[in-house]
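Below you'll find the structure, written out as structure tokens, and then a few comments.
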Number of protein chains: 2
Amino acid sequence: MRADAADMPEFSPRQNAVLEQALRLLVQGGEKALTTSGLARAANCSKESLYKWFGDREGLLAAMIAHQASKVRTFERSGERLTADLLRDHLELFARDLLEVLAGDVSLALNRLAIGQATREGSKLGKLLLEHGRRQIDRRAMALIDQGKRAGLLRFDNADAAYHTLYGLIVSDLHVRMLLGEPGLKDNARQAERAVGAFLSLHGTQKQSADALGVSAGR
Amino acid sequence: MRADAADMPEFSPRQNAVLEQALRLLVQGGEKALTTSGLARAANCSKESLYKWFGDREGLLAAMIAHQASKVRTFERSGERLTADLLRDHLELFARDLLEVLAGDVSLALNRLAIGQATREGSKLGKLLLEHGRRQIDRRAMALIDQGKRAGLLRFDNADAAYHTLYGLIVSDLHVRMLLGEPGLKDNARQAERAVGAFLSLHGTQKQSADALGVSAGR
DNA sequence: GCAGAACCGTACCGTACGGTACGCAAAAGG
DNA sequence: CCTTTTGCGTACCGTACGGTACGGTTCTGC
């Protein structure tokens with residue numbers, strides 16, 4: 001499912017290839033490795049073309065974010081009837097996907113770039129990153145928990161607050177730690193289980209066993 | 001209470017004043033505003049002195065982190081006997097303090113600096129920031145929840161996991177959003193209440209009312 | 001096959017950074 | 001009072017970046 005074809009200026013295949021090289025340079029060497037000269041050399045294009053296509057350096061960075069976001073479309077199937085087990089499975093799948101996305105090389109590099117650029121007054125890059133990269137995954141989770149509520153499996157008044165609770169339980173401070181250079185989790189699935197168990201204990205309509213809270217050491 | 005006087009080379013008053021100016025520049029204009037020439041001009045010192053005192057630019061950044069960390073010592077009183085209400089109060093105080101620290105100008109600027117510097121292989125700055133800035137607040141929270149467990153008010157097997165749960169409930173994705181330039185919460189206290197309520201519902205030994213979970217819209 | 005656009009490679013320009021060197025004033029110390 | 005140290009202000013150097021200009025080459029439309 002393509003979202004809003006006329007949303008943003010899409011780029012030619014050649015330009016997409018250049019943007020791919022730009023992402024590669026950024027991932028490998030950080031922001032300082034992403035120079036116009038270096039990109040032109042790596043992508044076998046001229047600096048003049050870069051400025052013709054993307055305007056200036058900030059335009060290039062914005063194009064990189066849009067390009068990356070265009071690659072991570074989230075499917076919104078789930079027309080099926082929800083059961084408690086199914087809801088738990090979907091929540092855990094969401095949690096694992098979220099952890100995997102946040103730990104991805106490109107995601108971390110782009111977030112580092114935007115954060116390094118930001119000051120206390122919001123940078124353009126930060127806004128772009130939040131809107132393009134986050135809206136998709138936010139919508140998926142919101143639709144899921146909303147569906148859970150309509151099926152009588154979840155209870156909450158504020159869907160936004162409930163989603164933030166879920167997000168916090170899944171991610172905790174892991175994202176910032178990874179942005180700072182720390183390795184990351186050994187087992188995303190286990191963390192997903194724990195987080196979803198806690199979330200269902202807080203907002204589920206069926207009571208959860210203590211096991212699901214990670215209180216037992218056996219899991 | 002001074003922690004480990006011989007921990008790190010402390011700086012002379014003059015040097016501390018220079019570091020203060022460096023933090024001011026960093027907060028106001030981001031990393032690009034923190035140049036050796038600019039700092040020398042702002043602090044009325046010579047570039048030569050900067051290099052004599054701090055070695056090179058990275059040494060200066062490390063010194064800034066150490067200097068800032070030396071200002072936020074956390075008190076560890078709490079010899080008193082814990083009750084359920086007292087535990088909740090202390091947890092909420094911790095949550096408010098945590099949110100306030102994370103939203104601070106200097107904290108955000110230093111985190112942005114370290115994150116902008118980092119690559120997938122941990123940067124020195126990131127490690128420094130996590131160890132100096134985080135250890136204090138981590139210890140405070142760990143001591144608190146450990147005390148809660150010993151008093152029979154909390155139940156969990158893994159104190160570390162429980163602390164990460166608390167942290168996630170308090171902060172969620174707020175830290176990253178602020179790092180990206182978003183404004184921040186209007187009401188830290190309310191968020192603290194919600195998070196602690198959820199935490200106690202998960203790990204407390206006394207059952208919580210639905211009100212405490214933020215399920216009711218009235219709060 | 002030809003005109004025009006698109007594009008590549010390279011050279012170039014101005015600027016600003018990190019880091020060093022030097023001259024001189026002010027404090028420290030005996 | 002003289003010497004030594006410390007540090008300020010400035011000038012300087014090499015480098016590397018963002019951005020522009022230009023000649024030559026490939027692609028495109030007619």
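Just so it is clear, the values below take in all heavy atoms, side chains as well, and ignore hydrogens, waters and symmetry mates. To find a chain, count down the sequence lines: A is the first, B the second, and so on, and within it residues start at 1.
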Margin query: Counting only heavy atoms and a strict 4.0 angstrom limit, can you tell me which residues of residues 40-50 of chain A come near DNA chain D?
Written below: Lys47(A), Glu48(A)
Check: Is the Tyr163(A) ring parallel, tilted or perpendicular to the Tyr167(A) ring (thresholds 30°, 60°)?
Finding: perpendicular
Notebook entry, point to check: Around Gln28(B), counting heavy atoms of other residues, nucleotides and ligands shown, do more than 12 lie under 6.0 Å from its CD?
Noted result: yes
Check: Can a donor-acceptor pair be found between the side chains of His67(A) and Glu10(A) at a distance below 3.5 Å?
Finding: no
Check: Should we count CZ of Arg14(B) as having more than 12 external heavy atoms under 6.0 Å?
Finding: yes
Check: What is the distance from CD of Gln15(A) to P of dC8(C), rounded to the nearest Å?
Finding: 10 Å
Item checked: Whether Ser172(B) side chain and Gly168(B) backbone form a donor-acceptor pair below 3.5 Å -> no
Next item on the list: Establish, from distance only, whether the side-chain atoms of Arg24(A) and Gln21(A) form a donor-acceptor pair under 3.5 Å.
Entry: yes
Item checked: Close approaches to DNA chain C from residues 27-38 of chain A, in residue order (heavy atom, under 4.0 Å) -> none
Next item on the list: For Lys127(B), look at atom NZ and say whether over 12 heavy atoms of other residues, nucleotides or ligands are found less than 6.0 Å away.
Entry: no
Next item on the list: Could you tell me from which nucleotide to which nucleotide of DNA chain D, 5' to 3', there is an atom under 4.0 Å from chain A heavy atoms?
Entry: dC17(D) to dC22(D)
Check: Quick check: does any side chain N or O of Thr119(A) sit under 3.5 Å from a backbone N or O of Glu121(A), one acting as donor and the other as acceptor?
Finding: yes
Check: Nearest nucleotide by nearest heavy atom, which residue falls closer to the 5' end of DNA chain C, Tyr51(B) or Trp53(A)?
Finding: Trp53(A)
Margin query: Looking at every non-hydrogen atom in both residues, tell me the closest pair between Leu125(A) and Ala114(A) and how far apart they are.
Written below: CB-CB, 3.9 Å
Next item on the list: Working to the nearest 0.5 Å, report the span between CG of Leu60(A) and CG of Leu39(A).
Entry: 6.0 Å
